[in-house]
2 protein chains.
Amino acid sequence: DIVEALEAALSGHSPAPGTLPLDAMPEHDNHSPTPDAFMAAEAIPASRALAGQHVVITAGPTREAIDPVRYLSNHSSGKMGFALACAARDQGARVTLISGPVTLATPENITRVDVVSAVEMLEAVDAALADCDIFIGCAAVADYRLAEVAEHKLKKVSGSTGLALNLIENPDIIAAVTHRQSPPFTVGFAAETRELARHAHDKLVRKRLDLIVANDVAAPGLGFGADDNAAVLYHLDPDQPDNPATSHTLSPRAKQDLARAIIDYMLPLYCGHQSMRSPVCS
Amino acid sequence: DIVEALEAALSGHSPAPGTLPLDAMPEHDNHSPTPDAFMAAEAIPASRALAGQHVVITAGPTREAIDPVRYLSNHSSGKMGFALACAARDQGARVTLISGPVTLATPENITRVDVVSAVEMLEAVDAALADCDIFIGCAAVADYRLAEVAEHKLKKVSGSTGLALNLIENPDIIAAVTHRQSPPFTVGFAAETRELARHAHDKLVRKRLDLIVANDVAAPGLGFGADDNAAVLYHLDPDQPDNPATSHTLSPRAKQDLARAIIDYMLPLYCGHQSMRSPVCS
């Protein structure tokens with residue numbers, strides 16, 4: 001009976017205190033698994049390193065209304081955030097997935113909260129942060145919203161040939177998370193079209209992130225909307241924060257596969273950060 | 001054999017010259033069909049009033065790039081345009097469906113052309129118009145695009161708290177169609193949040209439309225993204241264009257159902273317009 005087999009496999013995989021499944025870490029393995037191996041890996045997690053942890057993940061774009069029919073948005077499909085939610089769940093975490101407007105089905109055993117704008121996403125993040133252990137800000141939150149949203153559909157003004165939209169800055173959701181008194185372990189994303197390393201390192205420091213995942217969204221076949229992605233991970237040594245950031249390159253692969261590699265790479269960093277309070281790292 | 005039955009039904013339904021299937025017009029019937037009746041109506045068209053006609057339909061939103069990751073768009077889902085494409089096909093038409101970015105599957109036996117921006121949509125419409133008999137502009141084309149599209153992702157400027165986007169007018173696709181030397185029979189749409197009748201009548205005259213379909217996108221449960229819609233159709237009498245427009249109200253119903261009612265209502269108007277050249281109306 002496959003259900004019994006699955007339950008047996010799941011119940012037997014909580015790691016013993018003091019151990020971390022480092023041997024399961026695939027980050028130096030650039031081979032994509034075969035489809036069969038991939039499905040099996042989804043069905044039966046290799047470890048339960050995040051058992052008991054609450055992981056909050058934002059995904060997708062936000063939409064900022066111009067009027068009742070028009071909006072500003074971006075090309076984020078939500079696939080990377082949804083894949084991270086599955087990867088964290090497969091490591092035993094309780095996952096809250098806060099998503100902007102996307103066309104993806106809700107993965108099993110994940111609590112999904114749908115939002116539209118950056119302000120709504122911030123409210124949902126605030127509500128989820130009460131008992132959050134790990135926050136992964138994967139959403140492509142709009143940096144700006146309209147200074148004023150028109151109540152009715154804007155009409156073209158005859159005689160004029162242009163229009164100026166006045167935008168104001170949105171709240172910085174990830175900075176709001178890391179600037180709390182007891183911030184969770186926080187992972188950020190940098191989607192860039194050039195100077196990836198410089199922008200990512202700047203964001204890592206400025207936003208007080210524990211780990212940043214940088215990707216080049218201008219690379220053909222990767223990034224926004226695509227099924228594959230590549231990334232470079234950057235983090236500082238918490239004991240020597242003035243040292244240069246450590247970087248780790250993850251070659252192009254399916255987003256599910258990349259998500260698993262990111263979660264696996266994150267685990268020892270999380271335990272370094274959390275060693276005083278998390279039973280999974282004690 | 002269901003295939004044989006379908007083929008027999010299809011081949012036997014070209015209307016005789018001089019007849020129009022007015023008895024099939026459902027616009028005074030406010031009852032939604034049951035799901036079974038609905039499927040049957042899709043599988044076996046009631047008539048082939050548009051056999052031999054080329055119908056070009058635009059659908060969905062357009063997206064206007066701000067930079068490589070951000071854009072302006074609107075809430076059009078494409079459902080109404082796709083439903084119209086199916087309704088025209090089911091009346092025997094050859095259909096070209098020019099669609100902005102939507103998440104809908106391509107209906108069978110329809111030629112689909114995918115575009116992103118208004119300028120791309122205009123180019124696709126121009127290419128399809130060579131032998132177009134009926135043009136239905138159902139797309140929610142962005143009125144404006146960015147005056148300049150940034151080559152690289154815009155970064156927040158430190159110290160500033162706002163941003164102004166300078167927009168310029170997009171080409172008016174439907175006016176470009178009706179202002180040709182021999183325009184096709186042209187149906188436009190007006191999605192409004194207030195003063196529906198005034199805006200629709202103004203657009204009917206200004207854009208030289210043969211028929212306009214007006215809907216109130218602020219009505220809850222109807223319009224953009226919803227599965228149901230209602231509409232008011234307006235048209236002028238070609239022989240007495242200074243008379244007030246005739247209006248015809250279609251109560252709320254499934255978009256597929258509304259699409260069929262719009263095509264059915266359009267048929268005698270099309271034949272009035274086309275009587276000199278279309279064999280289906282001779």
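Protein chains get the first letters and strands the later ones, always in sequence-line order, with residue 1 at the start of each. The figures that follow rest on heavy atoms only: side chains count, while hydrogens, waters and symmetry mates do not.
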*asked:* Hydrogens and angles aside, do B/Ser251 and B/Arg253 bring a side-chain donor and acceptor to less than 3.5 Å of each other?
replied: yes

Scan side-chain atoms only and decide if A/Arg145 and A/Asn170 contain a donor-acceptor pair under the 3.5 Å cut-off. yes

- Task: Specify whether A/His75 and B/Tyr71 have parallel, tilted or perpendicular ring planes, treating 30° as the upper limit for parallel and 60° as the lower limit for perpendicular.
- Result: tilted

Quick one: do the B/Thr246 and B/His235 side chains pair a donor with an acceptor below 3.5 Å?
-> no

Item to complete: Could you tell me whether B/Arg112 and B/Asp114 have a side-chain N and a carboxylate O separated by less than 4.0 Å?
Response: yes

Applying a strict 4.5 Å limit to non-hydrogen atoms, the region of A/Val69 in contact with chain B is both

For A/Lys79 and A/Asp227, run salt bridge (charged side-chain N to carboxylate O under 4.0 Å, His left out): C-alpha distance rounded to whole Å, both residues' side-chain angles, the deciding distance at 0.1 Å, then the answer. CA-CA 7 Å; A/Lys79 286 177 188 169; A/Asp227 290 324; 2.9 Å; yes

Chain A shares the most heavy-atom pairs under 4.5 Å, among B/Asp67, B/Asp143, B/Leu163, with B/Leu163

Okay, B/Ala191 and chain A: the region with an atom under 4.5 Å from a heavy atom over there is both

If one checks every heavy atom of B/Ser73 against chain A at 4.5 Å, the contacting part turns out to be both

With chain A, the option among B/Asn166, B/Ile66, B/Leu154, B/Asn74 that has the most non-hydrogen atom pairs under 4.5 Å is B/Asn74

Turns out that what part of B/Tyr144 lies under 4.5 Å from chain A's heavy atoms comes down to side chain

Per-residue tally against chain A (heavy atom, under 4.5 Å) across B/Lys155, B/His152, B/Lys153 peaks at B/His152

